[in-house]
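Here is the structure we will look at, set down as structure tokens.
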2 protein chains.
Amino acid sequence: MQLTKAEEQVMKYLWSLEKAYLKNILDEFPEPKPAATTIATLLKRIIDKGFIGYKQHGSNREYYPLVKKTDYFSLQMKSIIKDYFNNSAAQFASFFTTESDLSEKDLKELQKLISEQIKTKNKAK
Amino acid sequence: MQLTKAEEQVMKYLWSLEKAYLKNILDEFPEPKPAATTIATLLKRIIDKGFIGYKQHGSNREYYPLVKKTDYFSLQMKSIIKDYFNNSAAQFASFFTTESDLSEKDLKELQKLISEQIKTKNKAK
DNA sequence: AAATGTATTCTATATTTGTAGAATATAATT
DNA sequence: AATTATATTCTACAAATATAGAATACATTT
């Protein structure tokens with residue numbers, strides 16, 4: 001299941017905090033802050049969706065992500081690639097490298113990475 | 001402004017048709033098709049958001065995208081990269097190449113593309 | 001133990017989104 | 001001219017989402 005925008009925002013704060021009490025998350029929000037009950041509602045919904053867990057400490061809970069940011073991100077990417085590139089990661093990659101306007105330094109960095117990837121693939125054989 | 005899921009679906013059909021009357025879009029939908037008025041409502045909303053234009057032909061309209069699919073996609077990517085990669089396309093690219101599990105053939109293809117990119121960059125100097 | 005700070009749950013409302021019926025309008029067909 | 005096909009607008013309602021007040025509960029401080 002997917003997170004809504006508001007839920008995602010809470011997730012993002014939690015990912016950056018790694019673990020947090022309601023208060024800590026509320027503190028992250030810029031003014032005008034939402035009501036604490038709003039955060040509580042969102043936390044509850046995110047828990048129901050299985051993205052957040054918690055440890056009970058007295059009457060409070062210490063929340064922590066159950067899904068890694070990169071994993072959640074991967075899902076989003078897959079959905080975009082499916083929608084816009086006919087499910088082809090290669091097609092996406094080629095679009096991305098030509099359109100993203102990376103600097104020469106970035107491009108060379110990328111080349112190195114890809115070389116390593118290819119090496120790893122060959123080793124696996 | 002962003003499109004909602006239902007609006008995006010209509011956009012996708014319109015992108016693939018390039019231009020279309022309501023009927024043509026409706027035809028693209030698989031069974032069970034939505035009501036024609038539903039499509040009409042969505043079209044109107046998308047027009048208000050500025051993503052679609054039209055030419056009036058008698059009482060009908062021939063709709064066409066005002067935003068290219070790749071541009072719309074780029075916006076989505078930017079938003080994701082901003083959210084998950086601290087606004088660094090390079091960071092994203094490196095994550096992507098290591099995580100996307102491209103085939104060796106795809107990787108080599110990518111390398112070629114990037115080489116060309118670098119060449120183009122150098123020419124521009 | 002009373003007061004205070006914080007969190008949680010329950011409940012509720014406003015807004016946005018998805019969906020479509022009814023009424024209306026125009027063009028093409030009979 | 002009447003009928004039919006199609007599209008459009010207006011209106012409406014249901015579901016999902018965003019937001020938060022009221023009531024309640026526990027822990028800490030006084």
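What you see below is based on every heavy atom in this structure, not just the backbone, and it leaves out hydrogens, waters and symmetry mates.
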Of the options [options], whose atoms approach the side-chain atoms of [X] most closely?
{"X": "Lys5(A)", "options": "dA7(C), dA18(D), dC10(D)", "value": "dA18(D)"}
{"X": "Thr37(A)", "options": "dA12(D), dG21(D), dT9(D)", "value": "dG21(D)"}
{"X": "Thr38(B)", "options": "dT9(C), dT17(D), dT19(C)", "value": "dT19(C)"}

### Message
OP1 or OP2 of dT8(D) versus the side-chain N and O atoms of Tyr21(B): is any pair under 4.0 Å?
### Response
no
### Exercise: do Ser74(A) and Asp71(A) side chains pair donor with acceptor under 3.5 Å
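Not at all, the side chains of Ser74(A) and Asp71(A) share no donor-acceptor pair under 3.5 Å.
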### Query
Without hydrogens or angle criteria, can the side chains of Gln76(B) and Tyr84(A) be said to hold a donor-acceptor pair below 3.5 Å?
yes
Salt-bridge contact [X]-[Y] (side-chain N to carboxylate O under 4.0 Å):
{"X": "Glu116(B)", "Y": "Lys119(B)", "answer": "no"}
{"X": "Lys108(B)", "Y": "Glu104(B)", "answer": "yes"}
{"X": "Lys23(A)", "Y": "Asp27(A)", "answer": "yes"}

Would you mind classifying the nucleic acid contact of [X] as base, sugar-phosphate or nothing, using non-hydrogen atoms under 4.0 angstrom?
{"X": "Ala40(A)", "result": "base"}
{"X": "Tyr54(B)", "result": "nothing"}
{"X": "Arg61(B)", "result": "sugar-phosphate"}

### Task
Answer with yes or no whether Arg45(A) presents, from its side chain, a donor or acceptor under 3.5 Å of a partner atom in the base of dT19(D).
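Looking at the base of dT19(D), it does pair with a donor or acceptor on the side chain of Arg45(A) (distance under 3.5 Å).
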### Query
Looking only at N and O atoms, is any donor in the side chain of Thr41(B) or the base of dA20(C) less than 3.5 Å from an acceptor on the other one?
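Answer yes: a donor N or O sits under 3.5 Å from an acceptor.
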### Query
Please give, in whole Å, the distance from dT17(C) P to Ile39(B) CD1?
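After rounding, the gap between these two atoms is 17 Å.
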### Task
Scan nucleotides 25-30 of chain D nucleotide by nucleotide, 5' to 3', and note B when protein non-hydrogen atoms come under 4.0 Å of the base, S if they reach only the sugar-phosphate, - if neither.
-BS---
### Message
Using a 6.0 Å distance limit plus a 45 degree cone around the ring axis, check whether Lys55(A) lies over the aromatic ring of Tyr64(A).
### Response
yes
